[in-house]
Amino acid sequence: MDLIQLLPDSVANQIAAGEVIQRPSSVVKELVENAVDAGARHIDLLVVDAGKTSIQVVDDGKGMSETDARLAFERHATSKIRQASDLFALTTMGFRGEALPSIAAVSQVTLRTRAEDQTLGTVLNIEGGKLISQEIDASAVGSSFLVQNLFFNVPARRKFLKSNQTELSNIVQEWERIVLVNPDIQFSFHSNGNLQNTYPSGTLRQRVASVFGKKMCDGMLEVNVETTLCQIYGFVGRPDSARKRGVPQYFFVNGRYMRHPYFQKAVMAAFDNLIPASEQIPFFLYFTVDPASIDVNIHPTKTEIKFENEQAIWQILMAAVRESLGKFNAVPIIEFDSDSDMSEVPVFDSRQSADKEVPRPRVDVSYNPFKGGSAPRSRSALKGWEELYAQTPASQDAVLPSATVAVEQGSAPVLFGEETPVEEQRSYRHLQYRGQYILTETSRGLTLIDQRRAHVRVLYNRYMQEMEGQHGSSQRLLFPEVISLSGRDAAMIEEAQDDLHALGLEVSFLGAGSFSVLAVPAELHGQDLQQLFESMAGTLGEGVERLDNELRHRVSLTIARSAAIPVGQVLTQAEMEQLVSDLYATSNPNLTPDGQTIISLIPHERLSKLF
């Protein structure tokens, strides 16, 4: 008995759809890329419920004839390649002929299209991969794809879609990847009937500025190098733009977005010794190479690309970024062997009197990270421990400032400094060290509390309770502040408006990525709201699974960090007592919500061993 048989087209199409169409953002990617390939000058994207209800892409490209419109939904039907050798000369985004049949297999599709040389167009209705109707229609030149009820016939796939916020974030991410590489095309994006953003055609720098803001674009350095292997152009951030997370990093090759960790290391290698190892630099870099020297047909999403001359391009890329840094004086070029480059570095000494000048050590600042070598060393190396006290007053004349505080030992206070009558001393329960730590005595030893982290924990707990109880207090702003966000960030904030309102943050969506902030919690009064909302949007877009719990946690933590007292702020005794009291009233006073230590204890036994 024969066991092997051909699968029906409907089943084969659903299998293919599982690779190509993973979520609503996959549909957006395929349809918008098709519009670009069709030569469109204007492309509109409209989504409802983060694409779960509907996704519509309208373009003014060359459109399709009646026959082409029907063939477009057949597997492996494409106008972009004719033979195998064409795979190594690709200049279009699509080429496999799998996207449209995969989309149609798991949704309800309506296509309206008309070619430039025809007076009438065509409208097709396809459901679950089956043609329902095909009629003549008075369509405009171009194409309009309407995809409704994605995964309606694959309930398991639809069940595992994430929250609207997460899916919308993925859509905007795919949208921005296409927008950034096609600055000559005008784009607009609507979500649930609201205009999220619109990008007029212009230069590459103007497009980057319209997507991520003029502030970021102004801080970018231009990269431009051309060799026989490739041309690399675009923008890279200055060292002061480094951040630990939420940094936009984009590579494009021949007009196609790509992921390339190896090339990403080349960019970061150019910033060695300029930024901390844990931070990242924003960049938007575009490669133009011979299509025959790359292979884009190694992954269904076409975001992984294999280069024939990968190592050589790595070196070219790193050299190009370094050249940009040097050209714009991001890194001064100083010779190592020049004694004339010695600079005096002032050293702060709290015991130094106003009329007495202390000699300052000379430090070599001629270190150039681009030339290698070791880090600079002070030329006034210590020769003995006595030099540590060379500038201190004689011990018999030592007098500490009047702010010195007594530390109690039993009933008799002991002072570190001059002797003072007991009745003139003040005994404090809490001491502050360098505006960062609160020291307090406990039965087990000396307790040190990080005051900023403690305040983050206190505020976080308060905000979480307010969000759960829907009764956040706020102060209305005398003059509402308008903030502008990128498309992805604006989508995140709009989806979270109700939860933000519960925190006391009242915002009004103005359209095109702009919001009006009407009220904020009292702790945030005077804060940089633009930076706050960018930070919130960044955390909200990092794979939120459940809107209620995870979203509230991230929003509360972001606002708590923004509103917490800064390092170095001097606190009164009453403020310290209140902060410590509030901290111990929380559910977990030992750790911040993101796991950082708040309290450290030095036991009595350990203190005794020090003496």
Side-chain angles (χ1 to χ4, degrees), residues 165 215-216 240-247 276 278-280 434-438 448-468 472-475 477 481 483 485-486 488-489 492-493 496-497 499-507 515 517 519-544 549-571 575-576 578-580 582-600:
Q165 185 164 349
K215 181 179 178 181
M216 169 175 284
D240 58 5
S241 66
R243 299 290 184 271
K244 286 189 176 181
R245 62 178 183 178
V247 175
S278 61
E279 296 188 352
Q280 298 290 318
R434 301 186 68 177
Q436 184 172 2
Y437 304 105
I438 298 174
L448 291 83
I449 301 174
D450 187 304
Q451 67 181 38
R452 172 170 168 78
R453 293 181 182 179
H455 202 204
V456 169
R457 165 54 73 181
V458 171
L459 292 177
Y460 170 84
N461 280 37
R462 181 189 306 170
Y463 293 145
M464 285 293 288
Q465 291 173 3
E466 289 177 350
M467 291 185 79
E468 293 169 0
S473 59
S474 62
Q475 286 185 352
L477 300 179
E481 184 170 340
I483 59 175
L485 302 174
S486 67
R488 187 184 186 196
D489 290 352
M492 296 298 96
I493 296 301
Q497 277 194 82
D499 291 275
L500 295 179
H501 183 75
L503 269 176
L505 270 167
E506 295 185 27
V507 297
F515 291 85
V517 183
V520 298
E523 294 85 356
L524 290 178
H525 198 71
Q527 295 282 339
D528 186 340
L529 297 183
Q530 177 74 32
Q531 183 177 356
L532 170 65
F533 275 80
E534 288 176 356
S535 178
M536 276 196 300
T539 57
L540 293 176
E542 295 174 356
V544 177
N549 296 328
E550 185 67 11
L551 173 61
R552 290 171 181 170
H553 159 72
R554 295 190 179 192
V555 170
S556 297
L557 179 56
T558 301
I559 299 180
R561 285 172 174 165
S562 297
I565 54 177
V567 173
Q569 179 168 325
V570 178
L571 302 180
E575 289 172 337
M576 286 189 284
Q578 184 64 52
L579 178 58
V580 173
D582 291 344
L583 174 64
Y584 283 118
T586 63
S587 57
N588 187 0
N590 294 308
L591 299 173
T592 61
D594 53 346
Q596 294 180 311
T597 300
I598 299 176
I599 301 174
S600 290

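Using a 4.5 Å cut-off on side-chain heavy atoms (C-beta onward), Y460 and D594 make no contact. In this structure, I565 and L579 have side chains that are in contact, with non-hydrogen atoms separated by less than 4.5 Å. Taking the side chain as every heavy atom from C-beta outward, P593 and V456 approach each other to under 4.5 Å. In this structure, N590 and T597 have side chains that are not in contact, with every pair of non-hydrogen atoms separated by 4.5 Å or more. Inter-residue side-chain proximity for Y437 and D450 is flagged as met; some heavy-atom pair is nearer than 4.5 Å. Side-chain atoms of V507 and V517, non-hydrogen and from C-beta on, do get closer than 4.5 Å to each other.
In terms of modelled atom types and a separation under 3.5 Å, the side chain of Q569 and the main chain of Q451 share no donor-acceptor contact. Looking only at distances, a side-chain donor or acceptor of R457 sits under 3.5 Å from a matching main-chain atom of N588. Although no hydrogens or angles enter the test, the distance criterion places a donor-acceptor pair under 3.5 Å between the side chain of R452 and the main chain of R561.
The minimum heavy-atom distance between P589 and I599, with the atom names listed, is O-CD1, 3.6 Å. A pairwise comparison of heavy atoms in D240 and R243 identifies O-NH1, 3.3 Å as the closest pair.
Every side chain to side chain contact (heavy atoms under 4.5 Å, CB included) that A242 has, sequence neighbours left out, goes to I275, E279, I281.
T592 OG1 to L557 CG: the interatomic distance, rounded to the nearest 0.5 Å, is 7.5 Å. How far CD1 of I438 is from CG of L583: 9.0 Å, rounded to the nearest 0.5 Å.
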